Visitor: 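Handing you this structure, nothing more for now.
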Amino acid sequence: MSSPPEIRVLDTPADLFLAAATEFATLASQAVRSQERFSVALSGGSTPKALYTLLASGSVPNIPWEKIFFFFGDERFVPPDHPDSNYRMARETGLFAKVSDDHVFRVRTEGKDADAAALDYEHTLRKFFGLQLGEFPRFDLVFLGLGPDGHTASLFPGTVALNEKRRLVVANWVEKFHSYRITFTLPVLNRAACVMFLVAGADKADIVREVLENGSANLPSQKVRPSDGRLLWLLDRVAGQRLKPDASPTTFSMPEGIP
Ligand code: 6PG
């Protein structure tokens, strides 16, 4: 039975990213204490860049960097140095300078077609988690964003990947971009120990309300309900401004004294 979403609205984007970084540090320490490693899937797009930059800055203490393993929940089907590459975005924040190269698992798009790149990344996950056929990985943390159409990762409304039940990673054709995206499937997202949606900006206010308050919208981001894990929605105030007062969370700003 999936637990109800925890929704937190932070006053400012800075509060939002600090709250996300603090949650990351706490989850990482807990996972390393209990299992000697922390597996995290990064999201792409523009929103998480400030979070990755904050984590890379070293200003958030007590992060067991030597035990953290980074993956990507989705990737654009472009080379790793392409301006649209999620890997490039994350790398340029300095986040990966905190860990050794063999702790960063990017989607290898070069020299392959999209299906082969997806299958290759699925093999990477199966190997890292030591999975048998039919088994799914349990990431400690999956970061997700929210698109204006309700998509998350690269699971866009009306696309084939939404119906995938067996694969871990697939190539998903996205008509509006006339291109493939490589994306985790819903079974992988819904087996995570913690899924954290990070959403900022007034332009997301309508879709945030739609996703969190319109149960019949049937949007891809609404299909993310970890079966045995936490579902955390971190919003800045303007992204959460359309939520019904009684439904929306307490406005939360970081307590005094937290740097
Ligand atoms: C991607 C993402 C995608 C993103 C949303 C929100 O590769 O683009 O993984 O799901 O999170 O599109 O993007 P913004 O943060 O740029 O609004």
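Quick note: residue numbers are just sequence positions, from 1. None of these values were measured; they are calculated from a predicted model. We count ligands from 1, going down the list as the structure has it; atoms in each ligand are counted the same way.
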Visitor: The test is side-chain contact (heavy atoms from CB on, under 4.5 Å); show your working for Leu51 and Phe24 and say whether it passes.
Guide: CA-CA 10 Å; Leu51 167 63; Phe24 175 91; 5.8 Å; no
Visitor: Quick one: which of Pro220, Ala153, Gly145 has a heavy atom closest to atom 10 (O) of ligand 1?
Guide: Ala153
Visitor: Just need the protein heavy atom nearest to atom 13 (O) of ligand 1, so name the residue and atom and give the distance.
Guide: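 Atom 13 (O) of ligand 1 sits closest to the protein heavy atom Gly45 CA, 4.0 Å.
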Visitor: If you count the atoms of ligand 1 from 1 in the order shown, which ones are under 4.0 Å from a heavy atom of Arg76?
Guide: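 Once the distances to Arg76 are compared, the set is 1 (C), 7 (O), 8 (O).
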Visitor: Where is the nearest protein heavy atom to atom 6 (C) of ligand 1: which residue, which atom, and how far?
Guide: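 Minimum-distance protein heavy atom for atom 6 (C) of ligand 1 reads Leu146 O, 3.6 Å.
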Visitor: When you compare ligand 1 with Thr47, is there at least one nitrogen or oxygen pair between them that comes in under 3.5 angstrom?
Guide: yes
Visitor: Could you point out which residue of Phe139, Phe143, Phe184 forms a ring-ring contact (aromatic ring centres under 6.0 Å, His included) with Phe71?
Guide: Phe139
Visitor: Counting each atom of ligand 1 from 1 as listed, which ones have a heavy atom of Arg181 under 4.0 Å away?
Guide: 1 (C), 7 (O), 8 (O)
Visitor: Out of Phe69, Phe105, Phe70, which residue meets the ring-ring contact (aromatic ring centres under 6.0 Å, His included) rule with Phe96?
Guide: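 Of the listed options, the one satisfying the test is Phe70.
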Visitor: Of the backbone atoms (N, CA, C, O) and the side-chain heavy atoms from C-beta on, which set of Glu75 has a member under 4.0 Å from an atom of ligand 1: side chain, backbone, both, or neither?
Guide: neither
Visitor: Could you tell me which residues satisfy salt bridge (charged side-chain N to carboxylate O under 4.0 Å, His left out) with Asp74, sequence neighbours excluded, listed by chain and number?
Guide: Arg181
Visitor: Does Asp203 CG have over 12 foreign heavy atoms under 6.0 Å away?
Guide: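 Enclosed.
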Visitor: Can you tell me which residue and heavy atom of the protein come closest to atom 4 (C) of ligand 1, and the distance to 0.1 Å?
Guide: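 Here the nearest protein heavy atom works out to Gly44 O, 4.0 Å.
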Visitor: Purely on distance, is any nitrogen or oxygen of Lys204 under 3.5 Å from one on ligand 1?
Guide: yes
Visitor: For ligand 1, note which part of Leu144 has a heavy atom under 4.0 Å away: side chain, backbone, both or neither.
Guide: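 Neither; no heavy atom under 4.0 Å.
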Visitor: Which bit of Asp74 is near ligand 1, meaning a heavy atom under 4.0 Å away: side chain, backbone, both or neither?
Guide: side chain
Visitor: Quick one, Leu186 with Glu164, criterion side-chain contact (heavy atoms from CB on, under 4.5 Å). Give me CA distance, side-chain angles, the key distance, then yes/no.
Guide: CA-CA 7 Å; Leu186 284 167; Glu164 181 58 51; over 6 Å; no
Visitor: Under 30°, 30 to 60°, or over 60°: which ring-plane class applies to Phe77 and Tyr180, parallel, tilted or perpendicular?
Guide: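 The rings of Phe77 and Tyr180 stand perpendicular, inter-plane angle above 60°.
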Visitor: Below 4.0 angstrom from a heavy atom of His151, which ligand 1 atoms are there? Numbered from 1 as shown, please.
Guide: 3 (C), 5 (C), 10 (O), 12 (O)
Visitor: Do Phe136 and Phe129 come close enough that some side-chain heavy atom pair is under 4.5 Å?
Guide: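 Not touching, per the 4.5 Å side-chain cut-off.
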Visitor: Suppose we measure from atom 14 (P) of ligand 1 to each protein heavy atom; which comes out shortest, and what is that distance?
Guide: Ser46 OG, 3.5 Å
Visitor: Any side-chain heavy-atom pair from Ser39 and Phe128 closer than 4.5 angstrom?
Guide: yes
